Amino acid sequence: MLASQITVPAELIDQFGRRVDYIRLSITDRCDFRCVYCMAEDMTFLPRDEVLSLEECARLVRVFVSLGVSKVRITGGEPLVRKNALWLFEEIGALTGLRELVVTTNGSQLGHMAQDLKNAGVKRINISLDSLDPTRFRKITRVGDLDKVFRGIAAAKAAGFEHIKLNTVLMRGINDDETLPLLEFAIREGLDIAYIEEMPLGEVDHARGSTYVSNDETLRLLKQHHTLISSAETTGGPAKYWRIPGTQTRVGFISPHSHNFCESCNRVRISCKGELFLCLGQDHKVDLMPIMRAYPEDDIPLIEAIMDAMQIKPKGHDFDLQRATPAVVRFMSHTGG
Ligand code: SAM
């Protein structure tokens, strides 16, 4: 039976009255980079049959859209290294009821994929970039080629994407001296930039408490060099934006520690295993894969599970950088950033 054959609520509302209209779907836990804050050096990746097929991903998104979700972010791992990922973007891009299809990527595959993504209906692209120095870039990503990312950014611009946003995680003593150069790169290239506070997700090689840079500190530093004007605009995500007069650039701050954004949280995440995570910083989840596989032709059990899950969405995350081991053992690459 299809969702259209039962009475489906127009929207998903959680126990605290927050409307969930945004999903982030990780389509792979694999990545061609190994960023030091995101992954351990030796990662074990999931066997293929434990990962949602692209058809299952498409089905899940279709069902969420029927429940009032209007924004979908495809992420990973690195979503663009998944074989035939473009097919999924085309399927989702064609859904009626969806307002925005967006993607988060490390940029390595954009050189050859940006135009196809644009044609598939992708509205915006976020590209992670933590350094402008090739040697340091390789150190942070452990394997990445900065030139390839620059070519990816150029291809995204040439394909006509607007508001391309850089995502930057600053780490004290590692890349915090590039806070300003990264902003100036964004201004020169006509890009937006968001600074993300490092989150304690999964155990990595450094003590996160020692590398943490607060976004308040980043803002203070940027204000010494540029006029930043607070803006009420939102892209439907957690970032708080500032404008720099005379430039196209919006500067975003994603500050889970210094200014948590849980009160207005409108999103849930789905891992590449089909786990519906109700909060990035908590373990509350529902496994959707077994339900989907038990009822391949019937969406009703899936819809019921999603609706029930709204009742366990926690009030907020529980990030504490001082803990010896992170409360959430999942890496960001597992849940999807
Ligand atoms: N591979 C893609 C990329 O590089 O953008 C998408 C997945 S990645 C997990 C999504 C975002 O999460 C990236 O911007 C990355 O910098 C960020 N991220 C990963 N681990 C993080 C952590 N522990 N704290 C804060 N941001 C993190």
Side-chain angles (χ1 to χ4, degrees), residues 1-27 50-52 56-75 92 95 97-100 199-202 234 236-238 254 256-257 259-320 326-332 334-337:
M1 189 182 285
L2 293 173
S4 55
Q5 292 170 272
I6 60 163
T7 312
V8 168
E11 45 190 36
L12 293 170
I13 308 280
D14 80 354
Q15 56 175 325
F16 302 103
R18 294 171 298 192
R19 179 167 177 212
V20 172
D21 59 3
Y22 176 9
I23 58 170
R24 296 186 176 205
L25 172 64
S26 168
I27 62 170
E50 286 182 29
V51 172
L52 292 172
E56 287 169 327
C57 291
R59 177 183 174 199
L60 260 181
V61 174
R62 175 177 53 72
V63 165
F64 270 98
V65 169
S66 77
L67 295 170
V69 163
S70 59
K71 176 171 174 182
V72 174
R73 176 173 303 283
I74 301 298
T75 181
I92 299 173
L95 288 174
L98 186 69
R99 189 175 44 81
E100 251 198 326
M199 293 174 246
L201 298 168
T234 164
I254 300 177
H257 301 284
H259 301 278
N260 91 39
F261 36 73
C262 305
E263 239 166 64
S264 59
C265 183
N266 61 340
R267 59 205 157 273
V268 292
R269 291 175 157 84
I270 305 157
S271 76
C272 60
K273 285 173 78 170
E275 299 151 304
L276 173 61
F277 283 105
L278 286 309
C279 172
L280 178 62
Q282 299 272 10
D283 285 327
H284 303 64
K285 67 163 181 171
V286 175
D287 275 321
L288 298 179
M289 184 191 271
I291 303 169
M292 295 178 76
R293 293 194 175 170
Y295 301 95
E297 304 293 334
D298 181 359
D299 287 339
I300 293 172
L302 179 59
I303 289 172
E304 284 171 349
I306 294 169
M307 285 162 52
D308 288 350
M310 293 302 122
Q311 298 319 307
I312 59 161
K313 183 169 166 60
K315 195 164 184 193
H317 64 64
D318 181 24
F319 289 144
D320 178 357
V328 172
V329 294
R330 304 184 307 272
F331 289 100
M332 185 80 138
H334 177 102
T335 323

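Values reported hereafter were calculated over all heavy atoms of this structure, with side chains retained and with hydrogens, waters and symmetry mates removed. Only a predicted model underlies this, so the values are computations on that prediction, with no experimental measurement involved.
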side-chain contact (heavy atoms from CB on, under 4.5 Å) partner of Lys313, the single match among Leu276, Asp14, Leu12: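 Output: one option passes, namely Asp14.
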Quick check: do [X] and [Y] have side-chain heavy atoms less than 4.5 Å from each other?
| X | Y | answer |
| --- | --- | --- |
| Leu95 | Arg62 | yes |
| Phe64 | Leu25 | no |
| Met310 | Leu278 | yes |
| Val268 | Ile306 | no |
| Asn266 | Lys71 | no |
| His317 | Cys262 | yes |

If you measure from [atom1] on [X] to [atom2] on [Y], what distance do you get to the nearest 0.5 Å?
| X | Y | atom1 | atom2 | answer |
| --- | --- | --- | --- | --- |
| Arg267 | Arg18 | CZ | CZ | 9.5 Å |
| Arg269 | Arg24 | CZ | CZ | 4.5 Å |
| Met289 | Cys272 | CE | SG | 8.0 Å |
| Ile92 | Cys57 | CD1 | SG | 7.5 Å |
| Leu60 | Asp299 | CG | CG | 9.5 Å |
| Ile303 | Ile291 | CD1 | CD1 | 11.5 Å |

Would you say Gln311 has more than 12 foreign heavy atoms packed within less than 6.0 Å of its CD? yes
Using a cut-off of 6.0 Å, state whether more than 12 heavy atoms not belonging to Tyr295 lie near its atom OH.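 Counting other residues, nucleotides and ligands, OH of Tyr295 stays at 12 neighbours or fewer.
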Is there a side chain to side chain contact (heavy atoms under 4.5 Å, CB included) between Asp308 and Val286? Walk through the geometry before answering. CA-CA 9 Å; Asp308 288 350; Val286 175; over 6 Å; no
Testing the basics here: between [X] and [Y], what is the closest heavy-atom pair and its distance to 0.1 Å?
| X | Y | result |
| --- | --- | --- |
| Ile74 | Val72 | CD1-CG1, 3.9 Å |
| Leu98 | Val69 | CD1-O, 4.4 Å |
| Gln282 | Phe277 | O-CD2, 4.4 Å |
| Pro238 | Ile254 | CG-CG2, 4.1 Å |
| Met292 | Leu52 | SD-CD2, 4.3 Å |
| Pro290 | Asp287 | CD-O, 3.6 Å |

